[in-house]
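Okay, structure first, notes after.
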There are 2 protein chains.
Amino acid sequence: MNDAFKALSDPTRRKILQLLKERDLTAGEIADQFNISKPSISHHLNILKQAQLVQDERQGQNILYSLNLSVMQEAMGWFLGMIGTKGDGHDDERK
Amino acid sequence: MNDAFKALSDPTRRKILQLLKERDLTAGEIADQFNISKPSISHHLNILKQAQLVQDERQGQNILYSLNLSVMQEAMGWFLGMIGTKGDGHDDERK
DNA sequence: CATCTAATTAGACAATAAGCTAAATATTAA
DNA sequence: TTAATATTTAGCTTATTGTCTAATTAGATG
């Protein structure tokens, strides 16, 4: 979960996720969208993979990346908890 | 928005936000919850303030911090967009 | 005004992270 | 098996970040 937040803190990685939202892409197709060297993109992809935000699958010469939404949903749960009723779970706010 | 994601990437700062969810706290009260020096906490608070995730208000000798949920809601919007229908907005997926 | 408390600012330092080039691995194809 | 393509791994450099101590600012109080 901490890995996910760390991974999401980089704008390049967030953009990669947005690209993968449209469709699955190979490492090369992803790299083509950025002015960043392929090894650097590979590194970003690895960080996203560690955080379980993406999955990869070799398809012949290519490696196809796809979104893994389950961790993203977890992260969203964190926000929901944060936005929920102020003070929930501790103080007694009943009227 | 990028500042918000950056701010959220640190576990100490996320914990600060969770404390503030329960109730508004002074800088000192926040610092008391951590094994980290006051200046370091002050720095974290400043990052949260830059990201507009918290607000501060001086009250006499103390400075009271409180959550600002609007940016958090924006960030959650990002997740909602990500979790929404795959490929939305670009490919034609009508059946 | 002198002093005490609360909090921040300044400056230093070690660890982390993002980027690059060059080299290595894996797969396909000639 | 040699060559070509796709991707990753290794190693390095620079920038950013989290932490600390010491010094400063701001308000409250004797």
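Just so it is clear: chains get the letters A, B, ... in the order the sequence lines come, proteins before strands, and each one is counted from 1.
Residues F34(A) and L64(A) are members of separate hydrophobic clusters, defined by side-chain heavy-atom contacts under 4.5 angstrom among Ile, Leu, Val, Met, Phe, Trp and Tyr.
Between F79(A) and F5(A), the ring planes lie tilted relative to each other; the angle falls in the 30° to 60° range.
Between the NE2 atom of H44(A) and the C1' atom of dT7(D) there is a distance of 16 Å, given to the nearest Å. Rounded to an integer number of Å, the gap from NZ of K38(B) to P of dT21(D) is 13 Å. Rounded to whole Å, the distance from CG on N46(A) to P on dT9(D) is 6 Å. In this structure, Q59(A) places its CD atom 21 Å from P of dT5(D), rounding to the nearest Å. Rounded to whole angstrom, the span from the CZ atom of R58(A) across to the P atom of dA6(D) amounts to 12 Å. Following rounding to the nearest Å, D10(A) (CG) and dT16(D) (P) show an atom-to-atom distance of 13 Å.
Among the protein residues, I41(B) comes within range of no part of the nucleic acid, since none of its heavy atoms lies under 4.0 Å from any strand. Counting non-hydrogen atoms under 4.0 angstrom, K49(A) reaches nothing in the nucleic acid.
If you check residues 60-67 of chain A against DNA chain D, the residues with a heavy atom closer than 4.0 Å are Q61(A), N62(A), I63(A), Y65(A), listed by number.
For dA6(D), the OP1/OP2 oxygens have no side-chain nitrogen or oxygen of T26(A) closer than 4.0 Å. At dA10(D), none of the side-chain N or O atoms of H43(A) fall inside 4.0 Å of OP1 or OP2 (strictly under the cut-off).
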> Does the pair L20(B) and I30(B) meet the rule for a side chain to side chain contact (heavy atoms under 4.5 Å, CB included), with working shown?
Replying inline: CA-CA 9 Å; L20(B) 290 176; I30(B) 293 168; 4.1 Å; yes
>> Apply side chain to side chain contact (heavy atoms under 4.5 Å, CB included) to residues R14(A) and W78(B) and explain how you reach the verdict.
In response: CA-CA 10 Å; R14(A) 287 199 304 277; W78(B) 187 90; 3.8 Å; yes
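Boundaries of the chain B contact region on DNA chain C are dT5(C) to dT9(C), first to last in 5' to 3' order (nucleotide atom under 4.0 Å from a heavy atom).
Mapping T12(B) and P39(A) onto DNA chain D by nearest heavy atom places P39(A) at the nucleotide closer to the 5' end.
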Output one line per pair: protein atom, nucleotide atom from nucleotides 11-15 of chain D, and distance, for all N/O pairs under 3.5 Å.
none

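Of the candidates dC20(D), dT8(D), dG18(D), dG18(D) carries the atom nearest the I47(B) side chain, counting heavy atoms from C-beta on.
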